[in-house]
Amino acid sequence: MAFSNTISLTNFNTRKVIDSAFRRAKLQPQQITSEYIEVANDQLYLFLSDLANQGVPLWCIEKQIYPLYEGVGDLTLDLGTVDVLNSNLRTLQEVTGTDTDTSTTHTVDFTTATAVSTVGVLWSATSTTIALERSDDNVTWTTIQTEVPVAVSGEWVWYDLDSSVATIYFRVRATVGTLSFDQIYLGNTPTEIPLARLNRDDYTNLPNKTFQNNRPLQFWFDRQINQPIMHLWPVPNASATVFQIVLWRHRYIMDVGTMTQNLDVPQRWFEAIVAGLAAKLALEIVEVDAAITPMLDAKAAHALSVAQAGERDDSPMMIQPNISMYTR
């Protein structure tokens with residue numbers, strides 16, 4: 001028998017999703033106007049946005065690293081953040097050596113092979129694209145990763161390295177423009193302490209919300225319209241500026257792009273998206289026969305249920321009941 005010998009290489013883009021939904025709603029090609037295509041885009045955006053209220057899609061969980069600044073207790077999270085799933089305060093062991101700087105590079109000679117797991121840059125001007133590199137002889141360099149930071153003067157950016165291999169030389173190189181910085185921090189041996197989450201009442205009842213310490217231990221997650229805010233307590237002091245908040249966030253599914261782009265959903269969710277969009281179009285487009293609306297709704301509910309049931313990581317779970325109050 002002949003097989004395709006390919007897996008997950010079919011390009012099921014936005015146009016195919018919308019076309020499939022129109023066909024399920026029994027619309028003929030001549031009935032599909034440019035206005036209806038715009039309606040389909042809008043309904044698809046609403047549907048994908050609403051999925052944030054129905055659980056946490058595994059592909060929408062992201063690790064992020066945020067800097068801390070002296071006296072700044074309000075941490076504004078990135079656009080598109082729905083919730084914080086896990087949050088830790090991280091400290092690092094700084095590794096140092098002999099520094100050599102040029103207009104485009106910052107090179108550190110450790111003398112002996114040393115591993116670097118995290119790099120922080122405190123910019124003195126607008127950031128530029130950087131390459132993080134290592135070498136054993138200061139001649140041949142291996143690029144670990146390239147980053148495109150978005151920062152202005154006085155702001156930190158932090159990056160965890162994709163690979164932490166002991167090396168004698170390490171450098172940060174500007175691939176475009178000038179490397180303008182006040183400090184570059186190289187660290188390893190990270191230690192992370194979970195942050196406790198407060199509710200609004202507990203946070204507002206704190207007697208001194210501006211109390212400073214080098215270790216923020218708690219936060220209130222303040223859900224604003226565009227970008228949520230983590231109100232940290234205690235507020236970071238000067239010694240906390242080389243620490244980081246490492247969090248895993250639940251983000252929204254990416255916006256619907258052009259018709260030739262793909263949706264930010266995995267292959268296993270295509271059926272649920274098409275079925276859900278078809279049901280929504282039945283409510284928006286007058287040419288759709290109202291008699292098929294219940295069928296489309298039922299198909300959409302079933303497909304969504306199947307997709308959500310499969311949204312699991314199958315990791316082991318430990319349940320430890322506390323029955324001490326009954327056994328004393």
J.: Report the distance from atom OG1 of Thr14 to atom CD1 of Ile37, rounding to the nearest 0.5 Å.
T.: 12.0 Å

J.: What's the separation between atom CD1 in Ile144 and atom CZ in Arg171, rounded to the nearest 0.5 Å?
T.: 11.0 Å

J.: Using side-chain heavy atoms (C-beta onward) and a distance below 4.5 Å, is Thr114 in contact with Val108?
T.: no

J.: Can you check side chain to side chain contact (heavy atoms under 4.5 Å, CB included) on Val256 and Leu263, steps first, answer last?
T.: CA-CA 6 Å; Val256 179; Leu263 296 177; 4.2 Å; yes

J.: Which atom names give the shortest non-hydrogen contact between His250 and Pro57, and what distance separates them?
T.: NE2-CD, 3.7 Å

J.: Are Ser20 and Phe12 close enough that some pair of their side-chain heavy atoms sits under 4.5 Å apart?
T.: yes

J.: Any side-chain heavy atom of Leu44 sitting closer than 4.5 Å to one from Ile273?
T.: yes

J.: If we count only N and O atoms by modelled type, under 3.5 Å, do the side chains of Tyr66 and Gln64 hold a donor and an acceptor together?
T.: yes

J.: Answer yes or no: are there more than 12 heavy-atom neighbours, outside Lys209 itself, under 6.0 Å from its atom NZ?
T.: yes

J.: Taking all heavy atoms of Thr128 and all of Ala174, pick out the closest pair and write down the distance.
T.: CG2-CB, 3.8 Å

J.: Can you give me the closest heavy-atom contact between Val235 and Gly73, atom names plus distance?
T.: CG1-N, 3.7 Å

J.: Please indicate whether Gln54 has more than 12 foreign heavy atoms, meaning atoms of other residues, nucleotides or ligands, lying under 6.0 Å from its CD.
T.: yes

J.: Under 3.5 Å, is there a donor-acceptor pair between the Ser180 and Thr178 side chains?
T.: no

J.: Testing the 3.5 Å rule here: is there a donor-acceptor pair between the side chains of Ser117 and Asn188?
T.: no

J.: How close do Arg24 and Ala275 get, counting heavy atoms only, and between which atoms?
T.: NH1-CB, 3.8 Å

J.: Are Phe110 and Val119 connected into the same hydrophobic cluster when the rule is that any two of I, L, V, M, F, W, Y join if their side-chain heavy atoms are below 4.5 Å apart?
T.: yes

J.: Thr210 and Asn208: side-chain donor and acceptor closer than 3.5 Å?
T.: yes

J.: Show the numbers, then the answer: is there a side chain to side chain contact (heavy atoms under 4.5 Å, CB included) between Val82 and Asn53?
T.: CA-CA 9 Å; Val82 179; Asn53 296 320; over 6 Å; no

J.: Let me know which of Asp137, Asp136, Asn138 forms a side-chain contact (heavy atoms from CB on, under 4.5 Å) with Thr140.
T.: Asp137

J.: Using 0.5 Å steps for rounding, measure from the CZ atom of Arg173 to the OG1 atom of Thr129.
T.: 11.0 Å

J.: Identify whether the distance between the nearest side-chain nitrogen and carboxylate oxygen of Lys63 and Asp160 falls below 4.0 Å.
T.: yes

J.: What class does the angle between the rings of Phe181 and His106 fall in, given that below 30° is parallel, 30 to 60° is tilted and above 60° is perpendicular?
T.: perpendicular

J.: How close do Tyr69 and Glu155 get, heavy atom to heavy atom, and via which atoms?
T.: OH-CA, 3.3 Å

J.: Could you pull out the closest heavy-atom pair between Ser135 and Thr167, with the gap in Å?
T.: O-OG1, 2.6 Å

J.: Taking the side chain as everything from C-beta on, heavy atoms only, tell me whether Leu161 gets closer than 4.5 Å to Leu186.
T.: no

J.: Indicate yes or no: at least one non-hydrogen side-chain atom of Thr76 is less than 4.5 angstrom from one of Ile229.
T.: yes

J.: Could you give the distance from CD (Gln212) to CD (Glu70), rounded to the nearest 0.5 Å?
T.: 6.0 Å

J.: Test Leu77 against Leu247 for side chain to side chain contact (heavy atoms under 4.5 Å, CB included), laying out the working first.
T.: CA-CA 10 Å; Leu77 304 186; Leu247 59 84; 3.9 Å; yes

J.: Whether the side chain of Gln145 engages the backbone of Asp162 through a donor-acceptor N/O pair (distance < 3.5 Å, no angle test) should be reported.
T.: yes

J.: Sequence neighbours excluded, which residues qualify as side chain to side chain contact (heavy atoms under 4.5 Å, CB included) partners of Ala279?
T.: Leu296, Asp297, Ala300

J.: Could you tell me the separation between the CG atom of Leu195 and the CG atom of Asn86, rounded to the nearest 0.5 Å?
T.: 10.5 Å

J.: Parallel, tilted or perpendicular, judged at 30° and 60°: which one describes the rings of Trp156 and Trp158?
T.: parallel

J.: Look up atom CH2 in Trp220 and atom CG in Leu232, then write down how far apart they are to the nearest 0.5 Å.
T.: 12.5 Å

J.: Using the rule given for side chain to side chain contact (heavy atoms under 4.5 Å, CB included), can you reason through Asp42 versus Glu284, listing the C-alpha separation, both sets of side-chain angles and the distance that settles it, and then say yes or no?
T.: CA-CA 11 Å; Asp42 291 343; Glu284 293 284 329; over 6 Å; no

J.: Shared ILVMFWY cluster between Val56 and Phe221, side chains joined below 4.5 angstrom?
T.: no

